[in-house]
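In what follows, a structure is listed as structure tokens, so that the remarks can point back to it.
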Amino acid sequence: MSKTYDPETVERVARDYWGARRCFEVDEDPEKEKFYCLTMFPYPSGQLHMGHVRVFTISDVIARYQRMQGKHVLQPMGWDAFGMPAENAAIQRGVPPAEWTYRNIDYMRGQLKRLGYGYDWRREITTCRPEYYRWEQWLFTKLFEKGLVYRKNAVVNWDPVDQTVLANEQVINGRGWRSDAPVERREIPQWFMKITAYADELLEELDCLEGWPEPVKTMQRNWIGRSEGVELSFDVEGSEPVPVFTTRPDTLMGVTYMAVAAEHPLAEKAAAKDPKLAAFLEECKRTQAAEASLETMEKKGMPLGISAIHPISGEKLPLWVANFVLMSYGTGAIMAVPGHDQRDHEFAARHGLPIRQVIAPADGREVDVSAAPFTEHGILINSGEFDGLNFSEAFDAVADWIERSGRGERRVHYRLRDWGVSRQRYWGAPIPIVYCNACGAVPVPESQLPVVLPEDVEFKGIGSPLKQMPEFYQTTCPRCGGEAERETDTFDTFVESSWYFARYSCPDSTAAMLDEREAYWMPVDQYTGGIEHAILHLLYARFWQKLMRDFGLSSAGEPFTNLLTQGMVLKDGAKMSKAKGNTVDPQQLIDRYGADTVRLFMMFTAPPEQALEWSDEGVQGAHRFLKRFWHAVQQHVEGDRPPPLDPAALGEAGKELRRKTHRTIAKVSDDVGRRYTFNTAVAAVMELLNAVSRFEDDSAAGRAVVREALESAVLLLSPIVPHICHELWQALGHATAPVEERWPAADESALAQSMIEIVVQVNGKLRGRISVAADAGEDVISEMALADANVQRFVADRTIRKTIVVPGRLVNVVV
RNA sequence: GCCGAGGUGGCGGAAUUGGUAGACGCGCUGGCUUCAGGUGCCAGUGGGGGAAACCCCGUGAAGGUUCAAGUCCUUUCCUCGGCACCA
């Protein structure tokens, strides 16, 4: 064994060993317990960033640990290869998106191999390949037949200068990022998937996902946003009645005005005769479509000049158009109760509309609703026959009244909206639809799939190149054979990432989207990825899993049994990003220190769910530890090989080191296997190695204890720093490799201790420590505690009111 | 605005079930090694007092529950993330 630690060589040897033995290639084996360990696959942006290294290392540690538990572990890797950056690169550098993407994939694959991740590379998936996306096109056509997809108008950000649709990301302060022109909201026809048809199931099954973090489930629950209420119609002078949805029918008598969205037909009808109003609607349509900006902007509005009629009182209610009412939620119109709703109150205060109290606090408090709305549930007042009812009584009474009068009914609404999957972009999977003048929108038949995206394109950045390619869009109708045009929009890239996890089980299947191998591997046992995907990706993936189940492609209803969401990598307190210029290139660190140092730093610096603060000194510290580890083993193997360990022959110091070894095994097993706190696992092994370096018994028995400690440390660290552990394990005289070894088990007998330390408190403050027999009774312990000199000083002649003994931990004397 | 996470030494963090606050590492200080820089090794390191034994203070802020609170409750301040076309 070399005297100095040379990561470059050590890591090459380990990699070659794993590669030659195909250690990470797995096929279905019904005899063995499977473990499917997956990370969210990367977008091939060019090179790995620190966030990638972090998430892949976390997953690789779990996979390698599970392997050492004897499980049959699948860990695949692939590329989420469609997306906007490829188009931007094409515009900026004149490289076609496909070429740019494939080049990036080749480079990043090399980086992943260099980092030593245990992937089954035979299963690699690249989503921009027709053999992959043909199956999502296929499923889309099946969904079309079942009525689970449909086309309707939806709002996009439109850049009037570049004549193109902009992503929210490309809108900066309301202007196009390239043209700097004010962005407009424009309605265009787009394809939607009916995720709302699965809203209840997506919501209810969250309760069964015990392996998911509670915050993620809460976010999904809120996102789905199930609310029970009533839908009712208000008559309008000279117009059709306007339906509204409310979760607070108990506040019906507090309605003082009504408001509709700018896109609402009533608003547009009124604007036809009123240029000022038309200008206001234009202004609303120019502002950004993102919810965050809608919610924070001023509550602007204009009266439509017409009134609705209150269904009970017959009172006239002015109708307004308001920028905070969304056409996409509920009915696009609201009954406004300024006395008991925050937004209605702000709007009423700003526009001088009346505010009326109809709910009083149940505890009899006085509230002034003209100053601030009272939004809690309470007792009805000023509501005629409904006075005195509480929330649920009033809900039922008003809902019954509405249903009896035929004005509406109880309804469940969801915040969740159907998923718009159309993107007016080139670099995505073509939506497999043909438009025929005679037959309308016709799905492409299975025999004509895939609809292949042409990769050899000229890219100018104005609109989608597909619109300039008649050889792509000119076609014949699959139904009538007449002239027809293909859809030139492509899928949202979330479509590819909604089913790739299942496809890893059978990536080479040409006959079907999924085959019988899926049943062995799915669902994923451990899924790891960024918290930023807590809602959209994870919800869409759950939705697609249910679709695949309902088409008989899978028997699993949920795709991911356990979910780990890792934190971001920060530098100087901000997320590492090119825009902020605070990135650190992992490649430079690998070149300088080796993969193990980078992996160790990532695992040691913070627990996986927390944000990780970058530190150059921390990387050096990790490297220093690996050098110390190397030298500890190197020094040990230089001496004579010790005889087998005989626990009975050990002295006190030997027993102590052995106890430390087995305590460390127990702690690291728990930290890595259950808690996923890799930072404390590393810390525990560091403590063990510190104990080894302080241990001075160089006798045969002493060296045997040291050997056990070192061998344990090597196995315990091998999932985190696999290359160096591979080398050290063999240096310690083993013919095998850690990757083939079983995880060590703590020896209960080594943990036993005859004397333990107990802390003594007086009135909750630490005043002394005593050493007692491990099996001492409470009486003996409190007697010894009181005998302690320092404890005596604080007790003195005061009366002891109580003595609390916590076995094995502490005594608290209350005086 | 809504939703979610977080706030502990100079820094990253530990404290797993309400029971010794600061494990482990970084940094810093002193010493040894070295021509020197670096590396390596040893010791110290929350703040204040003390020669020491020890004592007082201390987990964003303010209250509360408890024999005992970083941990539970109430109020509050601040930071970060998501909000449907970034992936």
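Keep in mind the model is a prediction, meaning the values are calculated, not measured. The figures that follow rest on heavy atoms only: side chains count, while hydrogens, waters and symmetry mates do not. So you know, we letter chains A, B, ... as the sequences are listed, proteins then strands, and number each from 1.
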Most 5' of A:Arg674 and A:Tyr540 on RNA chain B, judged by nearest nucleotide: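 First, find each residue's nearest nucleotide; the 5'-ward one identifies A:Arg674.
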Partners meeting ring pair (Phe, Tyr, Trp, His ring centres under 6.0 Å) with A:Tyr500 (sequence neighbours left out):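 For A:Tyr500 the ring pair (Phe, Tyr, Trp, His ring centres under 6.0 Å) partners, ignoring immediate neighbours, are A:Phe41, A:Tyr504.
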Set of residues satisfying ring pair (Phe, Tyr, Trp, His ring centres under 6.0 Å) with respect to A:His52, sequence neighbours excluded: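 A:His52 satisfies ring pair (Phe, Tyr, Trp, His ring centres under 6.0 Å) with A:His49, A:Phe56 once adjacent residues are dropped.
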Distance-only donor-acceptor test, A:Arg769 side-chain atoms vs B:rU20 base atoms, 3.5 Å: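 Between B:rU20 and A:Arg769, which were checked side chain against base, a qualifying N/O pair under 3.5 Å is present.
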Give every pair of a protein N or O atom and an N or O atom of nucleotides 11-14 of chain B that lie under 3.5 Å apart, one pair per line with the distance.
unit_1	atom_1	unit_2	atom_2	d
B:rG12	O2'	A:Thr605	O	2.9
B:rG13	OP1	A:Ala611	O	3.4
B:rG13	O3'	A:Asn679	ND2	3.4
B:rA14	OP1	A:Asn679	ND2	3.1

Ring geometry between A:Trp544 and A:Trp419 (parallel below 30°, tilted from 30 to 60°, perpendicular above 60°):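 Rings of A:Trp419 and A:Trp544: perpendicular, over 60°.
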All pairs passing salt bridge (charged side-chain N to carboxylate O under 4.0 Å, His left out) where residues 597-626 of chain A contributes a residue, at least two apart: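 For residues 597-626 of chain A, and leaving out neighbouring residues, the salt bridge (charged side-chain N to carboxylate O under 4.0 Å, His left out) pairs sorted by first residue read A:Asp60-A:Arg599.
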Pairs meeting criterion salt bridge (charged side-chain N to carboxylate O under 4.0 Å, His left out) with involvement of residues 675-685 of chain A, two or more places apart: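 Qualifying pairs, neighbours excluded: A:Asp671-A:Arg675.
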A:Asn690 side-chain N/O to B:rG25 phosphate OP1/OP2 under 4.0 Å: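 Yes, A:Asn690 has a side-chain N/O under 4.0 Å of OP1/OP2 on B:rG25.
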A:Thr218 side chain near B:rG4 phosphate (N/O to OP1/OP2, under 4.0 Å):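 For A:Thr218, the contact criterion (side-chain N or O under 4.0 Å from OP1 or OP2 of B:rG4) is not met.
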Is there a Watson-Crick or G-U wobble partner for [N] with both distances under 3.5 Å, and which nucleotide is it?
| N | answer |
| --- | --- |
| B:rC85 | none |
| B:rC41 | B:rG31 |
| B:rG50 | none |
| B:rG10 | B:rC26 |

By salt bridge (charged side-chain N to carboxylate O under 4.0 Å, His left out) - contacts of A:Glu263 (at least two apart):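 Once residues adjacent in sequence are excluded, the partners of A:Glu263 under the salt bridge (charged side-chain N to carboxylate O under 4.0 Å, His left out) criterion are A:Arg185.
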Measure from the side-chain heavy atoms of [X] and tell me the nearest of [options].
| X | options | result |
| --- | --- | --- |
| A:Arg423 | B:rC3, B:rC85, B:rC24 | B:rC85 |
| A:Arg417 | B:rA84, B:rU20, B:rA23 | B:rA84 |
| A:Asp80 | B:rA87, B:rG4, B:rA84 | B:rA87 |
| A:Asn168 | B:rC85, B:rG19, B:rA87 | B:rC85 |
| A:Met686 | B:rA87, B:rA84, B:rG25 | B:rG25 |

Results of side chain to side chain donor-acceptor pair (under 3.5 Å) for A:Ser577 - residues two or more places apart only: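 Result, side chain to side chain donor-acceptor pair (under 3.5 Å) vs A:Ser577: none returned.
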Side chain to side chain donor-acceptor pair (under 3.5 Å) partners for A:Arg175, two or more places apart: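 Testing A:Arg175 for side chain to side chain donor-acceptor pair (under 3.5 Å), a comparison that skips the adjacent residues, returns none.
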Residues A:Glu214, A:Lys217: salt bridge by 4.0 Å N-O rule: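 Yes, this pair counts.
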Just distance, no hydrogens or angles: give the donor-acceptor pairs under 3.5 Å from side chains in residues 803-810 of chain A, sequence neighbours left out.
none

A:Phe324 and A:Phe347: CA distance, side-chain angles, deciding distance, ring pair (Phe, Tyr, Trp, His ring centres under 6.0 Å) verdict: CA-CA 9 Å; A:Phe324 69 92; A:Phe347 190 85; 5.4 Å; yes
Sugar-phosphate only, base, or nothing, as touched by A:Ser45 at under 4.0 Å among non-hydrogen atoms: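 A:Ser45: no heavy atom of the nucleic acid under 4.0 Å.
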Atom pairs under 3.5 Å, N or O on each side, protein against nucleotides 59-68 of chain B: can you list them with distances?
unit_1	atom_1	unit_2	atom_2	d
B:rC67	O2'	A:Asn812	ND2	3.3
B:rC67	O2	A:Asn812	ND2	2.6

Side-chain H-bond candidate by donor/acceptor type, A:Trp191 with A:Glu487, under 3.5 Å: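 On atom types as modelled, these side chains qualify, holding a pair under 3.5 Å.
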No-hydrogen, no-angle side-chain donor-acceptor test under 3.5 Å, A:Asp159 and A:Ser179: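 Distance-only check passes for A:Asp159 and A:Ser179.
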Base-contact (B) and sugar-phosphate-only (S) positions in nucleotides 47-55 of chain B, heavy-atom cut-off under 4.0 Å, - elsewhere: -------SS
Report each atom pair, protein N/O against N/O of nucleotides 27-33 of chain B, whose distance is under 3.5 angstrom.
unit_1	atom_1	unit_2	atom_2	d
B:rG27	OP2	A:Arg624	NH1	3.4

Separation of B:rA87 C1' from A:Met40 CE (nearest whole Å):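 Atom-to-atom, A:Met40 to B:rA87, this comes out as 11 Å.
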Between A:Tyr132 and A:Trp499, ring centroids under 6.0 Å: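 Between A:Tyr132 and A:Trp499, the centre distance is under 6.0 Å.
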Centroid-centroid distance, A:Tyr593 to A:Phe601, less than 6.0 Å: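 Ring centroids of A:Tyr593 and A:Phe601 are no less than 6.0 Å from each other.
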